[in-house]
Q: 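Dropping a structure here in structure tokens format, bear with me for questions.
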Amino acid sequence: MARMSCRCGHGMGTSNVPSPYRLDIYYQDEVDYALSIDADILVDDLICDWDEKNNCKREYMHRGFPVSYWYCVECQRVYEVHAVPEGHALRLFKRSVSAQKSLSYDNWKRIYVLPDVDVYEAQEAINTSLTLSEYLSNHPSPVYYISADETIVHALDSKTGELLFAYELEDRWPSPAVSVQE
């Protein structure tokens with residue numbers, strides 16, 4: 001169980017399952033990597049960094065240090081947080097009201113946003129384990145892109161390509177020191 005206060009003053013926590021405050025966000029290359037390891041990887045195994053078929057832990061996020069994501073249901077801000085005990089916020093994105101759709105997303109990175117509530121409901125609907133490929137193909141979520149400089153996120157309608165909403169980087173804090181071992 002974890003708790004965090006949003007800049008708007010709203011308290012968030014993960015004691016309820018599913019948590020409306022919890023998001024899992026992966027870059028396209030991380031999802032591709034997970035599917036290349038196991039085409040039938042379960043959504044839970046991806047989120048928990050577990051390689052069920054090889055009975056071992058595996059890291060699917062390739063970020064240099066562990067991160068988690070929080071979503072404020074009041075103001076709709078998204079926090080990227082260093083996922084360690086007493087970790088701190090790294091980046092804060094605020095929903096944008098004046099976003100314009102990009103003419104091209106060629107230089108943007110595709111990201112996948114998996115809200116804890118949506119994943120839970122999708123699993124409950126089929127009453128069994130849910131593979132990542134099933135979730136991605138059957139879940140009507142927006143198509144997300146993050147700009148090359150990672151300061152803007154666009155959510156597009158998966159059928160029409162229309163810009164549904166956007167986020168802009170509101171704040172950034174120093175990343176933790178990462179030790180590299182050879």
Q: First locate atom CD1 of I47, then atom CD1 of I41, and finally report the distance between them rounded to the nearest 0.5 Å.
A: 10.0 Å
Q: What residue pairs, at least two apart or across chains, pass ring-ring contact (aromatic ring centres under 6.0 Å, His included) with a residue in residues 75-112?
A: F65-H82, Y105-W108, Y105-Y145, Y105-H154, W108-H154
Q: Hey, what do you get for CD (Q123) to OG (S129), rounding to the nearest 0.5 Å?
A: 7.5 Å
Q: Do N16 side-chain atoms and P18 backbone N/O form a donor-acceptor pair below 3.5 Å?
A: no
Q: Just to verify, what does D51 make a side chain to side chain donor-acceptor pair (under 3.5 Å) with, not counting sequence neighbours?
A: N54, R58
Q: Heavy-atom distance under 4.5 Å between the side chains of C75 and H10, does that happen here?
A: no
Q: Out of curiosity, F165 CZ to D157 CG, how far, rounded to the nearest 0.5 Å?
A: 10.5 Å
Q: Is T131 reaching over with its side chain to a backbone N or O of D40, donor-acceptor style, under 3.5 angstrom?
A: no
Q: Can you list every pair that meets salt bridge (charged side-chain N to carboxylate O under 4.0 Å, His left out) and has a residue in residues 135-153, with sequence neighbours left out?
A: R91-E150, K109-E150
Q: Tell me the ring-ring contact (aromatic ring centres under 6.0 Å, His included) pairs involving residues 118-137, sequence neighbours left out?
A: Y135-H139
Q: Heavy-atom distance under 4.5 Å between the side chains of L156 and L164, does that happen here?
A: no
Q: Considering residues at least two apart in sequence or located in another chain, which fulfil the side chain to side chain donor-acceptor pair (under 3.5 Å) criterion with S104?
A: D106
Q: Under the salt bridge (charged side-chain N to carboxylate O under 4.0 Å, His left out) rule, what pairs show up with a residue in residues 12-25, not counting sequence neighbours?
A: R22-D24, R22-D116
Q: In Å, rounded to the nearest 0.5 Å, how long is the span from SG of C56 to CG of D49?
A: 11.0 Å
Q: Among residues two or more places apart or on two chains, list those pairs meeting side chain to side chain donor-acceptor pair (under 3.5 Å) that have a residue in residues 64-74.
A: R63-Y69, Y69-E80
Q: Hydrophobic clustering (ILVMFWY, side-chain heavy atoms < 4.5 Å, transitive) - are L132 and Y27 grouped together?
A: yes
Q: Nearest 0.5 Å, please: how far is CZ in R110 from OH in Y144?
A: 10.5 Å
Q: Does anything in residues 3-21 form a salt bridge (charged side-chain N to carboxylate O under 4.0 Å, His left out)? List the pairs, not counting sequence neighbours.
A: R7-E170, R7-D171
Q: For the atom pair CG (L114) and CG (L136), what is the distance rounded to the nearest 0.5 Å?
A: 6.5 Å
Q: Which pairs, with at least one residue in residues 30-54 and sequence neighbours excluded, count as a ring-ring contact (aromatic ring centres under 6.0 Å, His included)?
A: Y33-H62
Q: Kindly give the heavy-atom pair with the smallest separation between N107 and A148, and that separation in Å.
A: O-CB, 3.4 Å
Q: Contact between P142 and S158 at the side-chain level, heavy atoms closer than 4.5 Å - yes or no?
A: no
Q: Name all residues meeting the side chain to side chain donor-acceptor pair (under 3.5 Å) criterion together with D32; count only those two or more places apart in sequence or in a different chain, and write none if there are none.
A: Q28
Q: Could you tell me whether the side chain of S5 and the main chain of G9 form a donor-acceptor pair under 3.5 Å?
A: no
Q: For M61 and Y26, which heavy atoms make the closest approach, and how far apart are they?
A: CG-CE2, 3.6 Å
Q: Got a sec, which pairs hit salt bridge (charged side-chain N to carboxylate O under 4.0 Å, His left out) with one end in residues 127-141, sequence neighbours left out?
A: none
Q: Going by side-chain contact (heavy atoms from CB on, under 4.5 Å), name the residues that satisfy it together with S96, two or more places apart in sequence or in a different chain.
A: S98, A99, A166, E168
Q: Specify the closest pair of heavy atoms between V73 and Y21, including all atoms of both residues, with the distance to one decimal.
A: CG2-CE2, 3.7 Å
Q: Following the transitive rule for hydrophobic clusters with a side-chain heavy-atom cut-off under 4.5 Å over Ile, Leu, Val, Met, Phe, Trp and Tyr, establish whether Y167 and W173 coincide in one cluster.
A: yes
Q: Applying a strict under-4.5 Å side-chain criterion to I, L, V, M, F, W and Y, I'd like to know whether I25 and M4 cluster together.
A: yes
Q: Is the shortest side-chain heavy-atom distance between V81 and V67 below 4.5 Å?
A: no
Q: Judged by atom type as modelled, is there a donor-acceptor pair below 3.5 Å linking the side chain of S133 to the main-chain atoms of L35?
A: no
Q: Answer yes or no: is there a side-chain heavy-atom contact under 4.5 Å between L92 and L169?
A: no
Q: Would V113 end up clustered with V117 when hydrophobic side chains under 4.5 Å apart are linked, directly or stepwise?
A: no
Q: Tell me, do L130 and N138 make a side-chain contact under 4.5 Å, heavy atoms counted?
A: no
